[in-house]
Visitor: 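Shown below is the structure under consideration.
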Amino acid sequence: MDYSRAQQIDDGILVDVSEHAKAVGFECPVALTIGVWQKFIEPHEDADARVCGILWKAALASVEIRSEGIQAERVYFHNEGGKPLMYVQCGPGDDREPVMTILLPDEDC
């Protein structure tokens with residue numbers, strides 16, 4: 001049996017940020033890996049602002065992808081030097097519903 005998304009959230013492998021994502025305009029569930037959380041959110045005092053910042057970047061990247069008509073499963077975020085910092089993986093959830101997960105470059109879901 002597969003390790004479900006719900007189990008990964010329950011086990012702390014994924015951090016559900018869907019409520020924040022709704023505020024940014026996402027209609028599907030969104031989660032961060034614990035790696036993204038520990039690297040980009042946890043070290044900072046204002047976790048809510050950091051989560052929203054990452055979600056805004058994901059929203060902007062997805063608008064750019066759609067406007068250019070590109071079909072992509074992964075959208076990478078890069079630093080100013082062009083090194084990938086994280087990426088968004090779009091795919092089906094436990095019940096085949098659309099979901100998004102934000103991961104570090106060396107992670108997979």
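What's counted below: heavy atoms across the whole structure, side chains too, no hydrogens, waters or symmetry copies.
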Visitor: Is there a side-chain contact (heavy atoms from CB on, under 4.5 Å) between I102 and L55 once you walk through the steps?
Guide: CA-CA 9 Å; I102 301 175; L55 292 168; 4.1 Å; yes

Visitor: Given I41 and I54, is the side-chain contact (heavy atoms from CB on, under 4.5 Å) satisfied, shown in steps?
Guide: CA-CA 9 Å; I41 308 299; I54 288 172; 3.6 Å; yes

Visitor: To check you understand the geometry: which heavy-atom pair defines the closest contact between V30 and A21, and what is its length?
Guide: CG2-CB, 3.6 Å

Visitor: Mind checking side-chain hydrogen bond (donor to acceptor under 3.5 Å, both in side chains) for E42 and listing every partner two or more places apart, or none if nothing turns up?
Guide: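 None.
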
Visitor: Which atom pair, heavy atoms only, marks the closest approach of I13 to Y3?
Guide: CG1-OH, 3.6 Å

Visitor: Answer with yes or no whether the hydrophobic clustering places V17 together with I9; edges join I, L, V, M, F, W, Y residues whose side-chain heavy atoms lie under 4.5 Å apart.
Guide: no

Visitor: Looking at P43 and W37, what are the two nearest heavy atoms and their distance?
Guide: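 What the structure gives for the nearest pair is CD-O, 4.2 Å.
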
Visitor: Could you please spell out the steps behind the side-chain contact (heavy atoms from CB on, under 4.5 Å) verdict for L32 and M86?
Guide: CA-CA 10 Å; L32 308 176; M86 62 188 95; over 6 Å; no

Visitor: Would you list the pairs meeting salt bridge (Lys or Arg N to Asp or Glu O under 4.0 Å) in which at least one residue belongs to residues 4-21, sequence neighbours left out?
Guide: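 Residue pairs passing salt bridge (Lys or Arg N to Asp or Glu O under 4.0 Å), neighbours aside: E19-K22.
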
Visitor: List the atom of L85, the atom of P105, and the distance in Å for their closest heavy-atom pair.
Guide: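 Heavy atoms of L85 and P105 come nearest at O-CD, 3.1 Å.
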
Visitor: Going by the rule side-chain hydrogen bond (donor to acceptor under 3.5 Å, both in side chains), which residues pair with E27 if we only count those two or more places apart in sequence or in a different chain?
Guide: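 In terms of side-chain hydrogen bond (donor to acceptor under 3.5 Å, both in side chains), with neighbours along the sequence ignored, E27 is linked to no residue.
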
Visitor: Minimum heavy-atom separation for P29 to S18, with atom names?
Guide: CA-OG, 3.3 Å

Visitor: Examine distances only and state if a side-chain atom of T33 and a backbone atom of L14 form a donor-acceptor pair shorter than 3.5 Å.
Guide: no

Visitor: Could you report the tightest heavy-atom contact between Y87 and D108, atom names first, then the distance?
Guide: OH-CA, 3.7 Å

Visitor: Would L103 end up clustered with V99 when hydrophobic side chains under 4.5 Å apart are linked, directly or stepwise?
Guide: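 Cluster IDs for L103 and V99 differ.
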
